[in-house]
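Keep in mind that what you see is a predicted model, and the values were worked out from it rather than measured. Counting from 1, the numbers follow the sequence of the chain as shown. Both backbone and side-chain heavy atoms feed into the values below; hydrogens, waters and symmetry mates do not.
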Amino acid sequence: MQFDTLDDWVRLYTAAGLSDVQVETGPFDMMTPRGFVHDEGFANGAAVMGRAMSRLSYARKMAWLMPRMARAVPYLGYILVSGIKMPGTKEA
């Protein structure tokens with residue numbers, strides 16, 4: 001697979017007419033137990049897990065999925081790109 005570099009993303013958004021393009025990156029922590037609770041909150045996280053375990057078929061799917069996700073977490077991340085587009089500007 002080929003992934004774009006941060007500079008590629010900045011060029012893409014700048015070419016679309018955005019200025020003050022900013023980029024932030026980081027790990028995708030939501031797929032860890034700690035990150036999930038931080039993102040969802042304890043009450044909503046418990047509700048999600050309750051629904052996931054409400055049927056045997058759901059629990060089996062979770063049991064199959066979670067070890068695979070745990071192996072993928074070190075390779076997951078996010079990129080956030082933002083910019084300002086002034087009214088009337090056209091794409092390059």
Side-chain angles (χ1 to χ4, degrees):
M1 295 180 77
Q2 180 178 346
F3 295 99
D4 296 322
T5 67
L6 295 179
D7 290 337
D8 291 336
W9 284 102
V10 170
R11 275 192 294 278
L12 180 69
Y13 279 72
T14 302
L18 277 73
S19 62
D20 192 28
V21 176
Q22 299 177 25
V23 179
E24 186 169 326
T25 63
F28 187 60
D29 289 331
M30 187 186 168
M31 295 311 296
T32 65
R34 183 179 187 163
F36 180 75
V37 171
H38 181 264
D39 190 64
E40 294 293 327
F42 183 78
N44 194 43
V48 168
M49 292 308 295
R51 283 191 300 274
M53 299 299 161
S54 66
R55 294 187 178 164
L56 183 58
S57 64
Y58 295 168
R60 285 182 179 151
K61 287 177 186 176
M62 291 298 290
W64 179 88
L65 180 63
M66 294 315 292
R68 288 158 178 80
M69 290 303 300
R71 287 193 304 266
V73 166
Y75 304 101
L76 300 176
Y78 72 88
I79 178 170
L80 174 67
V81 183
S82 65
I84 299 170
K85 185 160 185 163
M86 301 302 288
T89 59
K90 295 185 179 189
E91 293 179 16

**Study point:** Test side chain to side chain contact (heavy atoms under 4.5 Å, CB included) applied to Val21 - qualifying residues, sequence neighbours left out
**Key:** Val10, Tyr13, Thr14, Leu18, Val81

Exercise for review: Return each pair, listed once, that meets salt bridge (charged side-chain N to carboxylate O under 4.0 Å, His left out) where at least one residue sits in residues 10-35; pairs must be two or more places apart or across chains.
Suggested key: Asp8-Arg11

Point to revise | Residues in side chain to side chain contact (heavy atoms under 4.5 Å, CB included) contact with Ser19, at least two apart in sequence or another chain | key: Ile84

Revision key, fill the gap. Hits for side chain to side chain contact (heavy atoms under 4.5 Å, CB included) against Met69, two or more places apart or cross-chain, chain-then-number order -> Met31, Leu65, Leu76

Check your understanding: Can you pull the side chain to side chain donor-acceptor pair (under 3.5 Å) pairs that have at least one residue in residues 56-77, sequence neighbours excluded?
Key -> Arg55-Tyr58

Practice item. Answer yes if Tyr78 and Trp9 sit in the same cluster of Ile, Leu, Val, Met, Phe, Trp and Tyr residues linked by side chain heavy atoms under 4.5 Å apart, and no otherwise. Key: no

**Study point:** Smallest separation among heavy atoms of Met53 and Ala59, with atom names
**Key:** SD-CB, 3.7 Å

Study note, to complete from the structure: Closest non-hydrogen atoms of Pro67 and Met62, given as atom of the first, atom of the second and distance, are CD-O, 4.4 Å

Exercise for review: Return the minimal non-hydrogen interatomic distance between Val73 and Phe28, and the atom names on each side.
Suggested key: CG1-O, 4.5 Å

Study note, to complete from the structure: Quick note, side chain to side chain donor-acceptor pair (under 3.5 Å) partners involving residues 35-48, not counting sequence neighbours, are Glu40-Asn44

